[in-house]
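Comments concern the structure below.
Convention: sequence-line order gives letters A, B, ...; per-chain numbering from 1.
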2 protein chains.
Amino acid sequence: MVTIKDIARDVGVSPSTVSRALSGSPLISDETGKRVRMAAQRLGYERNELARALVKGSSEAIGLIIPDITNTFFADIARGVGEVADAAGYGVILCNTNGSIDREASYIRLLRRKQVDGLILATATLNDPSTRSLSQTETPFILVSRICQDVDTSYVIGDDRAGARLAVEHLIGLGHRSIGFIGGPANVQSSRDRRATYRKVLRQHGLSADAAWVCYADFTQTAGREAGRRMLSLENRPTAIFAANDVTALGVLEAADELGLSVPEDLSLVGYDDISYASLPRIQLTTVSQPTFEMGRLATEWLLSVLSSGDTIPLYRVLEPHLVVRSTTTHPGTDD
Amino acid sequence: MVTIKDIARDVGVSPSTVSRALSGSPLISDETGKRVRMAAQRLGYERNELARALVKGSSEAIGLIIPDITNTFFADIARGVGEVADAAGYGVILCNTNGSIDREASYIRLLRRKQVDGLILATATLNDPSTRSLSQTETPFILVSRICQDVDTSYVIGDDRAGARLAVEHLIGLGHRSIGFIGGPANVQSSRDRRATYRKVLRQHGLSADAAWVCYADFTQTAGREAGRRMLSLENRPTAIFAANDVTALGVLEAADELGLSVPEDLSLVGYDDISYASLPRIQLTTVSQPTFEMGRLATEWLLSVLSSGDTIPLYRVLEPHLVVRSTTTHPGTDD
DNA sequence: TTGTATGCGTTATCAG
DNA sequence: CTGATAACGCATACAA
């Protein structure tokens, strides 16, 4: 490894001069500056960011923790984060917990030990000990897409109540009176909000849901398929299902096909997120769209501004969703 | 930030003793060890990995560079990498180039400056200056999924020729005689291999392809849709298309639907990769499956073994693909 | 404009 | 078993 000492020796100046020249300090003669830069180039010098971070007290890196990298919803958030971090010269360390709360905790510890300047979490849950303990540290962080109600932190999320209302009212507006709900993990706030709103809207319209029409899955396709199979095998199956995210909805679609039910003729289906696959011609999933990429952008912009300004003005940002009506929803069948 | 000095002061020993105790050195009395660990716990000490890496000359982190994080193919590779890196206590810094060769180069430089111990690239192209210059450095690295023919490096890839052969012979076996090909970027080796094999297999079966039946896209859905639209609007459109990856195939599916062509009745379609969405009931894409997750695992295992052993025995691993026949392929229509 | 000295937090060497 | 001391590569306050 070639260091500033090597360059110093080569050029015949002191290491500090090299350091200054390379970081573009104004108090270096053009002559010296040029010679140093040329030597650096020639010797193939690359600055050791570790050493630099150690003395500057800042690594110019942020951590991003997501629950499921194969869900394009989170991949899109990551793209948003990457775009603005990149532009600011910050590195981002992306960690994927696969939904494990233990991994989340250990990643947070690892990232803090690696001295990231800040953290973005897309993995927050209710009573999340990780989020809580993070809030006791100096490390600035922000939650994206999922919040932790009981801890006061900055966040950028979608309006889940509004989104769920759009979904359910769309189904009711089509004439459905028996509507099922397949949610996400019970300890995810947005999951609960969508469920609570689902219940509330039904009630407001004088409808009620059979106990078997409401269940929690875990935001994966497999869980959606299984929940869908159960629910659609019921004697009194619902004529419509609101799935708490698109991946789950895709699983329900799978279950419906297996059971020989046509969508939307026999079953109307609404998802949530509007991931790219929802718009595939063969899928054409009616869904609630969230500005995913934008969430990543906004969260990162806030974090970087905190890092550069030093003062932490909290950000509580709730983005509006909108309904995208495609082909998986229609009026309930005549046999209803 | 609490450092070993703080602990040393608290316990009344020297910093070196604290360092030893915390890293589980055997030459520390049980008594001292216990007191140090308790103090560390109480004060909320977290080791500064930057400082540690600086002196140890190893950051215990590796870099992973992928071209498209929203393509689950690469997301799965990343999962494989993460799994084995995690288990070994290594951190992984994931970078997404969005297909830009410039970003690839700058990420490589950034990661090297951050002193990653090794690199995994899923972004290699033909005559890739990044790969070439990397091979001149000390940093161990391995290519995954995409190789760079003109540089001698370790790699873990799929057998693209075998895979393409499976795809094309499947179509020919079904009776297709006019088969189109929509490839990936021209500077990606696997792209070229699939295309070359496509041509070769056609020739071996006494078939030829109209010039308009062969084109390069860029492995995205949008490009697939556009290429599909063009190709399927031809007077003498092919009765089957081999798309060089699933995402492209999904785009072709979109184009077919827009043009009112039924798949597989009017058009047989084969993809490549077998990403999770290919098996959706509404999609049921016939495709060539690659052991994606395994690629990530194997590449990482090799890299970590190089890092721990010190000697670089190259790895040239070619994984066998297999054909998954689903519902997007059938015999050509009678109007053919 | 440049050089010297010091420190960032940790580990390692060498005495004791 | 423990404590000074040096070193990792870089940046900066202070001197010159």
[X] [atom1] to [N] [atom2], straight-line distance once rounded to whole Å:
X: B:Q115; N: C:dT10; atom1: CD; atom2: P; value: 18 Å
X: B:R20; N: D:dA4; atom1: CZ; atom2: P; value: 11 Å
X: A:R9; N: D:dG9; atom1: CZ; atom2: C1'; value: 13 Å
X: B:E31; N: D:dC1; atom1: CD; atom2: C1'; value: 13 Å
X: A:Y45; N: D:dC10; atom1: OH; atom2: C1'; value: 7 Å
X: A:R52; N: D:dC8; atom1: CZ; atom2: P; value: 20 Å
X: A:K114; N: C:dG9; atom1: NZ; atom2: C1'; value: 15 Å
X: A:R35; N: C:dT1; atom1: CZ; atom2: P; value: 15 Å

Counting only side-chain heavy atoms from C-beta out, which of [options] sits nearest to [X]?
X: B:M1; options: C:dG9, C:dT2, D:dG9; value: C:dG9
X: A:L27; options: D:dG9, D:dT12, C:dT2; value: C:dT2
X: A:K56; options: D:dA11, D:dT2, D:dA13; value: D:dA11
X: B:V55; options: D:dA11, D:dG9, C:dG9; value: C:dG9

Tell me what [X] touches on the nucleic acid: a base, only sugar-phosphate, or nothing, going by heavy atoms under 4.0 Å.
X: B:S19; value: base
X: B:S23; value: nothing
X: A:R47; value: sugar-phosphate
X: B:S29; value: sugar-phosphate

Between [X] and [N], is there a side-chain N or O to OP1/OP2 distance below 4.0 Å?
X: B:T3; N: C:dG9; answer: no
X: B:T32; N: D:dC1; answer: no
X: B:K5; N: C:dC8; answer: yes

Pairwise 5' ranking along DNA chain D for A:I4 and B:G12, keeping only the more 5' one: B:G12

Closest-nucleotide ordering on DNA chain D, the 5'-leading residue of A:L50 and B:S16: B:S16

Looking only at atom types and distance, does a side-chain atom of A:R192 sit under 3.5 Å from a main-chain N or O of A:A186, one as donor and one as acceptor? yes

Just by modelled atom types, is the B:R20 backbone N or O under 3.5 Å from a matching donor or acceptor in the B:S25 side chain? no

Mapping B:E46 and A:T17 to their closest nucleotides on DNA chain C, which lands nearer the 5' end? A:T17

Going by atom types alone, do A:N98 and A:S100 pair a side-chain donor with an acceptor below 3.5 Å? no

Hey, is the side chain of A:S14 pairing donor to acceptor with the base of C:dT4 inside 3.5 Å? no

Determine the sole option in A:T72, A:N71, A:T70 for which the side chain to side chain donor-acceptor pair (under 3.5 Å) test with A:D68 is passed. A:T70

Would B:Y155 and B:V318 count as a side chain to side chain contact (heavy atoms under 4.5 Å, CB included) if you check the C-alpha gap in whole Å, the side-chain angles of each, and the deciding distance to 0.1 Å? CA-CA 8 Å; B:Y155 56 73; B:V318 181; 4.1 Å; yes

Closer than 4.0 angstrom, basic N to acidic O: yes or no for A:E49 and B:R113? yes

